[in-house]
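Working notes for the structure below.
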Amino acid sequence: RQTPLDSIELRGFADIGTAVTAMASREVDGLQQFSVIGGEGLLNDSNFTTLEPPASNHRQLWFNWQQGQFAGDENRLIRQAFAWCWDREQMLSTLFNGRGRIANDHPILDSLPFFDPDAVEQRSRNIDMAKQLLSDAGVTEVSANIESGDLQEIPQLAEIMKQNAAEAGINLTVNVQSNSTFYGDSWCPGASETDETLPCDNSSEFGIVDYGHRPIPDIFLGSALASGGVWNSSNYANPDFDAQLSNYRTAVDVAGQKAAISEIQKIVWTDVPASYPYFYSFLSGHDSSVSGVQVTSLGHMVLSGASKEA
C-alpha cells in the first residue's frame with residue numbers, strides 16, 4: 001500500500017560517490033543525481049528505479065581562440081584536426097553506457113525545433129583527415145595539456161581524448177585539478193581590464209568544462225561563445241557569429257530561428273573555438289518502494305505526488 005509522504009528529509013553529501021553509496025545501502029530513499037561511472041551498481045539494481053529525462057548536458061572542450069598555440073584563424077586547421085580525432089561513440093559508450101547522444105561540435109541539441117540537420121557534416125573519428133589537416137597547417141605533431149576539474153566523468157574523458165589524439169600526432173598531457181583551482185586558474189581567471197573581447201583573460205589554451213542542461217541554447221551561445229560572454233573561456237570573438245546570434249534572438253518564428261541557428265552551426269563547426277563531442281542524459285532515481293517522483297533535466301525533484309510503501 002502506497003502512503004503519501006508526511007515529511008521529507010533532505011541530506012547533503014560531500015560528493016556523488018558518497019551519495020551513491022548511501023543510496024545503495026538504502027540510507028536514503030532517493031538520489032537527486034548520479035553518474036554512470038560510479039553508479040553502475042544502481043543501474044544494475046532491480047530494486048532501484050532510474051529516472052532519465054533527456055538533456056542538453058554536455059562538456060565543452062575549449063580552445064583559447066586569442067592566446068596560445070591554438071589562437072586565431074591561422075590555427076583553425078589544427079583545432080579541426082583535434083575534432084576529427086574524437087571517437088564520440090567510444091566516449092558515449094564508455095562514459096555513459098550509451099545514455100546520451102552524439103554531438104557535432106556545436107551546442108545545439110538535435111531535438112530542438114530550430115536545429116538544422118543539414119547544416120554541416122557529422123564529424124566522426126577520422127585520423128587520416130586529422131593528419132592531413134595538421135599537414136596543411138604546416139605541422140606534423142602538436143603537444144598540449146588538457147586542463148580539467150575533478151568532476152564526474154571528466155577525468156576519464158580526458159584520458160580517452162589523450163588516447164584518441166595520439167595516433168594523429170597530437171600529444172596530450174592530462175592535468176586534473178581540484179575544482180576550485182580549475183575554475184579560478186584555468187577556465188576563466190577573470191576579464192581583461194583593457195580588452196573587452198577577453199572575458200577570460202589567460203584561460204588555458206585547451207581544457208574541458210561542464211555545462212548543465214538548459215531547455216534552449218541561449219546560455220551556451222551567449223555566455224560561452226559570444227564576444228565578451230561571461231563564461232567565454234575560448235575568448236571567442238567572431239562578428240559573424242555575434243550577428244547570427246542576434247538574428248536568432250530577434251527572430252519572430254521558428255523559421256527565422258532555424259535560419260540563424262543553421263549559420264551558427266556552420267560557423268562554430270568550422271571555427272572550432274570549442275569541440276562538443278556528446279550530450280548526456282540526466283540521471284536520478286529512487287528505491288522501488290517509492291513512486292510518483294518526477295525529476296527535471298535541471299535537477300529539480302518534484303515530490304508533491306510522491307508516496308512510499310507502508
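All residue numbers refer to positions in the sequence shown, counting from 1. As the structure is a prediction and not an experimental result, all values here were calculated from the model.
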Point to revise | Connected hydrophobic set around Phe282, excluding itself, where side chains approach under 4.5 Å | key: Leu5, Ile8, Leu10, Leu51, Val290, Val293, Val295, Met301, Leu303

Practice item. Please report the C-alpha distance between Ile208 and Gln60 in whole Å, then the side-chain angles of each, then the deciding distance to 0.1 Å, and finally whether the side-chain contact (heavy atoms from CB on, under 4.5 Å) criterion is met. Key: CA-CA 6 Å; Ile208 309 170; Gln60 184 202 58; over 6 Å; no

Exercise for review: Please check if the distance between the ring centroids of Trp65 and Tyr236 is under 6.0 Å.
Suggested key: yes

May I have all residue pairs that pass salt bridge (Lys or Arg N to Asp or Glu O under 4.0 Å) and include part of [range], sequence neighbours excluded?
range            : answer
residues 211-227 : none
residues 112-121 : none
residues 299-310 : Asp29-Lys308

What's the shortest heavy-atom distance between [X] and [Y], and which atoms?
X      : Y      : answer
Arg59  : Pro277 : O-CD, 3.7 Å
Ser275 : Asp105 : OG-OD1, 2.5 Å
Ser148 : Ile154 : CB-CG2, 3.6 Å

Review point. With Phe34, which residues qualify under ring-ring contact (aromatic ring centres under 6.0 Å, His included), at least two apart?
Key: Phe48

Point to revise | ILVMFWY cluster, Val272 and Leu157 together (side-chain gap under 4.5 Å) | key: yes

Check your understanding: Do Phe82 and Leu133 belong together in a cluster built from hydrophobic side chains that touch within less than 4.5 Å?
Key -> no

Review point. Looking at side-chain heavy atoms only, is the closest gap between Leu95 and Ile37 below 4.5 Å?
Key: yes

Exercise for review: Please check if the side chain of Thr296 supplies one atom and the backbone of His300 the other of a donor-acceptor pair under 3.5 Å.
Suggested key: yes

**Study point:** Expected output: side-chain Asn104 to main-chain Arg123 donor-acceptor under 3.5 Å
**Key:** yes

Practice item. For the pair Asp73 and Arg76, evaluate salt bridge (Lys or Arg N to Asp or Glu O under 4.0 Å) and give the outcome as yes or no after the intermediate values. Key: CA-CA 5 Å; Asp73 290 339; Arg76 178 188 294 137; 3.1 Å; yes

**Study point:** salt bridge (Lys or Arg N to Asp or Glu O under 4.0 Å) partners of Glu167, counting only residues at least two apart
**Key:** Arg125

Revision key, fill the gap. Of Thr197, Leu198, Asp195, the one forming a side-chain contact (heavy atoms from CB on, under 4.5 Å) with Asn235 is Leu198

Check your understanding: How long is the gap from CD on Gln257 to OH on Tyr248, to the nearest 0.5 Å?
Key -> 5.5 Å

